[in-house]
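Labels below follow one simple rule: chain letters A, B, ... track the order of the sequence lines, proteins then strands, and each chain is numbered from 1. Basis for what follows: all heavy atoms, side chains included, without hydrogens, waters or symmetry-related copies. For clarity, every value in this text was computed on a predicted model and none was experimentally measured.
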Amino acid sequence: MAWTEHDVVRSELRWAAAVSGFVVIIFGLTLFAALALHRNPPSNLERIDPKTLHLTGEFTEPNLGTRVETNGRVTVRMVATQFAFVPQCIVVPEAQEVTLRMSSADVIHGILVTGTNVNTMVVPGYVSQVHTVFQRGGDLLMPCHEFCGFGHSQMYARVRVVPRDQFRPDAQGRVSCGP
Amino acid sequence: MVRNRNLVLAHLWLAFAVFALAAILGVWQMWVRSPLHAPYADPENYFRSVTAHGTAMAYVLTTLFVMGYGYFVAESSLERRLPWQGAAWAGYMLAVVGTVMAVVTVLSGNASVLYTFYPPLTGSPFYYIGLVLVVAGSWVWCAVMFVAMAQWKRENPGVAVPLAMFATVANAVMWAWTTVGVAAELLFQVIPAAFGWTETIDVGMSRTLFSWTLHAIVYFWLFPAYIAFYTMAPAAAGGRLYSETMGRLSFILLLLYSLPVGLHHLFMDPEQSTGFKFLQSFLTALVTVPTLLTVFTISASFEIAGRLNGGTGLFGWIAKLPWHRPMVLATGLAFFMLWFGGGGGLINMSYGMNAMVHNTSWVTAHFHLIFGGTVVIMYFAIAYEIWPVLVGRSPDAVNLAYQRRQLWLWAVGMMVMTLPWHWLGLNGQWRRVAHFDYSDPLIAWWGPWVVVSLIGGVMLLASAFLFVWNLLRLHARRVPAEVVPVGMRYAQPLYPILRIPAALNGFGLWNALLLLLMVAAYAWPIAQFIAYPSPGTIVHHLDRAG
Amino acid sequence: MSDIPASAENRWRAWSILAVIGAIIIGGGLGFLVVPLVQGAAGGVDAYTAICRAFGILPGSPARPTPPSQANPYPVTQVAWTEATINAIYGADRSTGAALAAQRCIACHTVEGNTPDPTIPRNAGQSRFAIYKQLHDYRSGARKNETMTPLVADLDDKAIVDLAAYYGRLVRGAIDPLRGGPFVGVEIENLVANGDIARNLPPCVSCHGVKAGGPIETPTLTSQYPQYIEAQLKAFASGERHNDIYHRMRSVASKLTPSEMQLLAIYYSGK
């Protein structure tokens, strides 16, 4: 086995090419998701004042929860605060697009919904927005997944995914988990 | 001839002492999270412990180790006394004072903000000032490294700087660049808020500034391990470094592409745009390349050693490697863990998959495996390798056996702890939680796996204690080695670089390109907070009632 | 030792610069131009908006139009913790507050704030921020009480701030009750320190502890009359009292059993 310097360089370059190709493929998946599936990470950049979140605008208490807008869209508005989500239980329809809009009244929180790829930080000063379709029915867990203080471990909401025929909005278009 | 042995030992002992104590906290934390009943397990204690463990492992163990090892490399590879020794000791004292300040404030319950300290949760200003002092001490280290290399180059014009020193200075350059983010966040935002000089804080800006530091800091931790891979492991294996040029290139690529990628920690954040997340995701893909190059180059170096030792066939040389040497064993174990940890990293960097794992236990398991596993096992190996030079004592066969056992225990314990942890994260187990509701059917099946992780953690604790014990044994050996090693035997490249281009021997070009990269990647993501000032979020103080 | 030819040096420099600029152009070109243009075209967002959103100059996603938000505001309190409000409280005039209190408050709350009537809350040493919020809520109608509402109806903001300063201590958050309190059972102590995860209940100390870093208007509970605490818990549970921002107390109180409310009140009343 005689490895000349030329052999060394050539083998390294071959490996570098192979490795770069591998990385390109992996990155290509992200590009595919962006271009073909039009998927982006949640980057809403919509600014809002956390100090007056409860006073004005769409995140005052009676507006929170699931609502079917007049144009038929299903929008869920939630607020994250120390140490509960408001509301603590939401109802969403199965197999229909849902827009989740969330903001924080105080510190950094975050959510994921178990069994789905809904995952976003909830940062005070911003409205986080996620569009998703819940493919399967059932009760899902929406824990707060970023440290927000000593009550962080007990902070979660429940997401009830119901079949379309059981998803019945009231006169104002609202659907809630009930008492 | 390493003259400043006490300087090096001071740094390393502080690092390892803090490490061993923090390991105890880690085990207790895993116990609290499990279905087993742990003592003192309320949230205040738990988050105090998480802050202490994180601060110790991520800021103290790492910075002090890198500094101490850097001083060692500067003297041993350049074969030259360290310049500015007084400054080096002053830097150490800064780090000691800073460590004490930070640790005392955390343990007294005044800074349970976690080592990522995301505002508006704000602890005692002295916690942050303590960290700033540690960083200030490390900046002194950076200056000493720059001066040492500059002086050597003046005395040896046109000669290639020894690879170990070149990489160490690359690390210092990277550290200087990356600490700007967290220093800006602390000095301009968090410390004023902690003192009460301002009632509100711009949370988006602070998260972004912190993200600037967040990726390159892990490469700062990683560089010593890679320096050992390139400059110590091939020699320990009895071979040669396959390609020194690729080694230099890898370190340069790590320097360039570990910095402008911090937004990949903010993929799920609403305050940054898709375009910048995409650009930094692309640059993150590029930073995987030097690690993959390293795997090839070091494997090839080991193949040389194996074949020189009589190995034949496609894989027969592997068995012929001197696995009884701790440095060789550690490298093998590190590479094994690198497959899992590195693979996890590739998943984290891909948006869609990141959405599945963000802020779940997957993330915690990932960095314990890749840092606690691959990198820290090399810290152990480096310590075992340089301790004889530092204390003038060589290990005997019994010492070496215990060193090997300690390394195996660490690797096995790390796999036992982190593999179930990854799996639970993938199933939605979220992070930074003191208690899980194991009575909930969705969660109940996690319990046994958390206990498995706890067992792994106990193994790691035993290994940590054994590591400290092994070092103490070397200090205590009565009989000095007959041949006291006076310097390090660094690995020789297969083909030494006879004519070194300036690009591979200095950092002028790379600093300029880094400036370009950082401006492209971070200028607007930070400037947007100044262009569109945030209404501000009220500060929440965790160190006082008023 | 050796001189490397300038052409080799330049080659290294040139390739490096090219590679880095290339990386920026490819990554940036894809992320700021190609992806938003493709996504915008498919999602009904015009090119200019899509690219501005990709840069982060405009809010929203480059892939779809921002959904309209139809909502009217219905606040439960008028208090907003702005920097101005907080600084006003820090700069309050206690002597003015004392004069006001002498006219309106001491009949029920006494001069020191240690009321004899257990249904009237003790104010002594209470958080100024907590007192401010309650007075403000009485005035705005967010919280209703037959006695309090008429008494504060004509007070201006400065008067409320000064009154809060007179009775209150400058405390954001409460005194830690774990340092005292009569023993009312392990379950209650567990509830205070650990909450109850099955019921979605955070620990009481996570807001009412001294270093909790919880909401700024959190009142001090220690040494408060148990009858008063219990009455407030019941009022929150039924929704009769609803001036807590974002259900912070309603969502907690509604999950407690009557026995727990009683025992918690006793626990917190201890000194």
Leading residue by heavy atom contact count with chain A [cutoff under 4.5 Å; candidates [options]]:
options                                : result
B:Gly352, B:Pro119, B:Gly204, B:Pro43  : B:Pro43
B:Thr200, B:Asp269, B:Val203           : B:Asp269
B:Thr274, B:Val433, B:Asn359           : B:Asn359
B:Leu346, B:Ile443, B:Leu494           : B:Leu346
B:His540, B:Met356, B:Met349           : B:His540
B:Thr245, B:Asp440, B:Leu121, B:Val357 : B:Leu121

Can you tell me if [X] uses its side chain to pair, donor with acceptor, with the backbone of [Y] under 3.5 Å?
X        : Y        : value
A:His152 : B:Arg431 : yes
B:Ser243 : B:Met246 : yes
B:Ser206 : B:Glu185 : no

Which region of [X], side chain (C-beta onward) or backbone (N, CA, C, O), has a non-hydrogen atom less than 4.5 Å from a non-hydrogen atom of chain A, or is it both or neither?
X        : result
B:Glu271 : both
B:Thr116 : neither
B:Leu542 : side chain
B:Val539 : neither
B:Leu293 : both
B:Thr284 : neither
B:Tyr46  : neither
B:His358 : both
B:Leu442 : side chain
B:Ser281 : both
B:Ser534 : neither
B:Phe47  : side chain

**Message:** For A:Ser104, which atoms come within 4.5 Å of any heavy atom of chain B: side chain, backbone, both, or neither?
**Reply:**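 It is neither, since no heavy atom gets under 4.5 Å.
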**Contact origin within A:Ala33 toward chain B - heavy atom pairs under 4.5 Å** =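 For A:Ala33, no heavy atom lies under 4.5 Å from chain B.
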Against chain B, work out which of [options] has the most heavy-atom pairs shorter than 4.5 Å and name it.
options                              : value
A:Tyr126, A:Tyr156, A:Phe27          : A:Phe27
A:Ile48, A:Val107, A:Asn117          : A:Val107
A:Asp106, A:Val118, A:Leu31, A:Leu29 : A:Asp106
A:Leu37, A:Leu45, A:Val9             : A:Leu45
A:Asn40, A:Leu13, A:Val123, A:Asn44  : A:Val123
A:Val127, A:Thr120, A:Thr114         : A:Thr120

**Message:** So that I can tick it off, tell me whether B:Glu244 and B:Arg248 are bridged by a salt bridge, with the cut-off set at under 4.0 angstrom between side-chain N and carboxylate O.
**Reply:**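 Looking at B:Arg248 and B:Glu244, the cut-off is met.
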**Message:** Please determine whether a side-chain nitrogen of the Lys or Arg among A:Glu146 and B:Arg432 lies less than 4.0 Å from a carboxylate oxygen of the Asp or Glu.
**Reply:**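 A salt bridge links A:Glu146 with B:Arg432.
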**Message:** Between B:His53 and B:Val50, is there a side-chain heavy-atom distance shorter than 4.5 Å?
**Reply:**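 A side-chain contact under 4.5 Å is absent here.
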**Request:** Check the pair B:Thr360 / B:Gln429 against side-chain contact (heavy atoms from CB on, under 4.5 Å), numbers first and verdict last.
**Result:** CA-CA 6 Å; B:Thr360 65; B:Gln429 184 186 65; 5.8 Å; no
For the residue pair [X] and [Y], confirm or rule out a side-chain donor-acceptor distance under 3.5 Å.
X        : Y        : result
A:Glu94  : A:Gln166 : no
B:Gln272 : B:Thr208 : yes
B:Tyr495 : A:Thr4   : no
A:Gln129 : A:Thr99  : no

**Asked** Do A:Phe22 and A:Trp15 make the cut of ring centroids closer than 6.0 angstrom?
**Response**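 Between A:Trp15 and A:Phe22, which both carry aromatic rings, the centre distance is not below 6.0 Å.
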**Message:** Working note: A:His145 + A:Asn119, criterion side chain to side chain donor-acceptor pair (under 3.5 Å); need CA distance, chi angles, decisive distance, verdict.
**Reply:** CA-CA 9 Å; A:His145 67 23; A:Asn119 193 323; 2.8 Å; yes
Result block: side-chain N/O donor-acceptor pairs under 3.5 angstrom for residues 135-142 of chain A, not counting sequence neighbours:
none

**Request:** Please determine if B:Arg33 forms a cation-pi arrangement with B:Phe436, meaning its NZ or CZ atom is less than 6.0 Å from the six-membered ring centre and no more than 45° off the ring axis.
**Result:**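 The answer is no; the distance or angle limit is not met.
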